[in-house]
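Let me begin by presenting the structure, written as structure tokens, before commenting on it.
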Amino acid sequence: MIRSERSLFIISITIISIITLLTFTSLPGISATSKINEHPSVIAQSVNLGAAFKELNIEGSILIYDQNNQKFYQHNASRNSTAFLPASTFKILNSLISLETGVIKDEIAILTWDGIMREFPTWNRDTNMRQAYKDSTVWFYQVLARRVGHERMQQFINQVGYGNRQIGTPEQIDKFWLSGPLQITPKQQIEFLQRLYRRELPFSQRTFDLVQDIMILEKTPNYILRAKTGWATSVKPNIGWFVGYLEQNNNVYFFATNIYMKDTADAPKRIELTRRSFKALGLL
């Protein structure tokens, strides 16, 4: 009798388990096989990132990649696949190459200002890489590019696979990212930043440590934001960039914001658009 009751109990538990499994897998949004694993670059449509562009009266695009959930969030998909001058966003790679080749010792080694007055007062002084990155000091990075030289610069850009990989002639060594021929799409910016974060680029751990440190724009107990702005003035309309990655909630969100800039009043909107987009995702 005891054995019979035990058998009935085991059969009952088995039936309940089967019914529960069938019910669970039939629920909306639940499947035995993860859709994210099947489609590692899912385009998420549930968040409207275009609202911020409309509110700020800006034409442009944004692309955000959620690493843990393997999802892209974006506004203006066609623009995210369009190539533009990288402008000062190239300072990220220029910093990596300059430190790796030793043309500058570290991020605090000072270069002497040449005395030429330029449009931004912060550029008219002696400076180091940490400060030049923050101030986006063009002459500082032009000096570094000339020191690296055309051949080595081309080799690194080829190895990294940065944008269209075109840097022009040796005479263009200090302006190829400002006026061409180097171009990069927002999608390629994301790919470069992912490889930087994962340290899959041809640089030493020391170089990665230094550059990822100077990239920090904000650091709070809740998140770290590493980024770089860019402003291409050699084309009309001007092109504005804000690229980088946000570390929050044990996750990483890579982003590339690209806009047309009518005047200097649009400059802060590069960052504001990005902030509003992150807030739409429940971040920051």
Next on the checklist: Working note: Ser61 + Asn80, criterion side-chain hydrogen bond (donor to acceptor under 3.5 Å, both in side chains); need CA distance, chi angles, decisive distance, verdict.
Outcome noted: CA-CA 6 Å; Ser61 66; Asn80 285 327; 3.0 Å; yes
Next on the checklist: Please evaluate residues Phe278 and Phe255 with respect to the criterion ring pair (Phe, Tyr, Trp, His ring centres under 6.0 Å), reporting the C-alpha separation (whole Å), side-chain torsions for both, the decisive distance (0.1 Å), and the verdict.
Outcome noted: CA-CA 10 Å; Phe278 277 132; Phe255 65 90; 5.4 Å; yes
Checklist entry - Passes salt bridge (Lys or Arg N to Asp or Glu O under 4.0 Å), Asp135 versus Arg125? Steps please. => result CA-CA 11 Å; Asp135 296 335; Arg125 61 183 179 183; 2.7 Å; yes
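- Taking NZ of Lys91 as the reference point, atom CG of Leu144 lies at 10.0 Å (rounded to 0.5 Å).
- Proximity of the aromatic rings of Phe90 and Phe176 is defined here by a centroid distance below 6.0 angstrom, and this criterion is met.
- Cluster membership check: Ile108 does not share its hydrophobic cluster with Phe208, using side-chain heavy-atom separations under 4.5 Å among Ile, Leu, Val, Met, Phe, Trp and Tyr.
- Put simply, the side chain of Val103 reaches to within 4.5 Å of the side chain of Ser98, judged on heavy atoms.
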Item to check | Criterion side chain to side chain contact (heavy atoms under 4.5 Å, CB included) on Val138 and Phe140, from CA distance to verdict | outcome: CA-CA 5 Å; Val138 170; Phe140 182 93; over 6 Å; no
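- For the pair Arg147 and Asp174, the salt-bridge criterion is not met [side-chain N within less than 4.0 Å of a carboxylate O].
- When the shell of 6.0 Å around NZ of Lys187 is examined, it contains 12 or fewer heavy atoms from other residues, nucleotides or ligands.
- Remark: Lys71 fails to qualify as a cation-pi partner of Tyr65 under the 6.0 Å distance and 45° angle criteria applied to the six-membered ring.
- Surrounding NZ of Lys262 are more than 12 heavy atoms belonging to other residues, nucleotides or ligands, all under 6.0 Å away.
- Screening Ser136, Ser95, Ser88 for a side chain to side chain donor-acceptor pair (under 3.5 Å) involving Lys228 leaves a single residue, Ser136.
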Item to check | Evaluation steps, side-chain hydrogen bond (donor to acceptor under 3.5 Å, both in side chains), between Trp231 and Asn238 | outcome: CA-CA 7 Å; Trp231 186 347; Asn238 291 180; 3.0 Å; yes
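- Contact of the Ile157 side chain with the Leu93 side chain is registered, since non-hydrogen atoms from C-beta on lie closer than 4.5 Å.
- Remark: Arg276 engages Glu272 in a salt bridge, criterion side-chain N to carboxylate O under 4.0 Å.
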Next on the checklist: side-chain hydrogen bond (donor to acceptor under 3.5 Å, both in side chains), that's the test. Do Thr207 and Asp209 meet it? Break it down for me.
Outcome noted: CA-CA 5 Å; Thr207 295; Asp209 288 342; over 6 Å; no
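- Residues Asn128 and Leu111 have side chains not in contact (no heavy-atom distance under 4.5 Å, counting atoms from C-beta outward).
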Checklist entry - What do the steps show when you test Ser204 against Glu100 for side-chain hydrogen bond (donor to acceptor under 3.5 Å, both in side chains), and what is the final call? => result CA-CA 7 Å; Ser204 67; Glu100 191 70 15; 3.2 Å; yes
Item to check | Phe53 vs Leu273, side chain to side chain contact (heavy atoms under 4.5 Å, CB included): CA-CA, chis, key distance, verdict | outcome: CA-CA 7 Å; Phe53 288 82; Leu273 284 165; 3.7 Å; yes
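- For the pair Val243 and Ile92, the minimum side-chain heavy-atom distance is below 4.5 Å.
- When the side chains of ILVMFWY residues are joined at heavy-atom separations under 4.5 Å, either directly or via intervening members, Trp139 and Met117 end up in a single hydrophobic cluster.
- Between Trp177 and Leu85 there is no side-chain heavy-atom pair separated by less than 4.5 Å.
- Judged purely by atom type and a 3.5 angstrom limit, Asp66 has no side-chain atom pairing as donor or acceptor with the backbone of Tyr253.
- Put simply, the side chain of Gln194 does not reach to within 4.5 Å of the side chain of Glu200, judged on heavy atoms.
- Going from atom OG1 of Thr274 over to atom CH2 of Trp241 covers 11.5 Å, rounded to the nearest 0.5 Å.
- Ion pairing of Arg130 with Asp213 is present here, as a side-chain N (NZ or NE/NH1/NH2) and a carboxylate O approach within less than 4.0 Å.
- Remark: the Gln205 side chain and the Arg199 side chain contain an N/O donor-acceptor pair separated by less than 3.5 Å.
- For Phe254, the ring pair (Phe, Tyr, Trp, His ring centres under 6.0 Å) criterion is met by Tyr197, Tyr245, not counting sequence neighbours.
- With a 4.5 Å cut-off on side-chain heavy atoms, Asp106 and Ile104 do not count as touching.
- Under the ring pair (Phe, Tyr, Trp, His ring centres under 6.0 Å) criterion, His150 pairs with no residue, sequence neighbours left out.
- The cluster map of Ile, Leu, Val, Met, Phe, Trp and Tyr, joined by side-chain heavy atoms under 4.5 Å apart, puts Phe120 and Leu178 in the same cluster.
- For Phe203 and Phe156, the ring centers sit closer than 6.0 Å to each other.
- Using a 4.5 Å cut-off between side-chain heavy atoms of Ile, Leu, Val, Met, Phe, Trp and Tyr, with links allowed through other members, Leu210 and Ile110 fall into different hydrophobic clusters.
- Within the 4.5 Å cutoff, the side chain of Thr82 has no heavy atoms near those of the Thr185 side chain.
- Taking the centre and axis of the six-membered ring of Tyr260, the NZ or CZ atom of Arg79 falls inside the cone set by 45° and 6.0 Å.
- Applying the 6.0 Å contact sphere to NZ of Lys134 captures no more than 12 heavy atoms from other residues, nucleotides or ligands.
- Between the side chains of Gln189 and Thr89, at least one donor N or O lies within less than 3.5 Å of an accepting N or O.
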Item to check | Criterion side chain to side chain contact (heavy atoms under 4.5 Å, CB included) on Gln131 and Thr122, from CA distance to verdict | outcome: CA-CA 9 Å; Gln131 193 64 44; Thr122 54; over 6 Å; no
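- Hydrophobic clustering, defined by side-chain heavy atoms of Ile, Leu, Val, Met, Phe, Trp and Tyr closer than 4.5 Å, groups Ile224 together with Ile216.
- Between the side chain of Gln154 and the backbone N or O of Arg165 there is at least one donor-acceptor pair closer than 3.5 Å.
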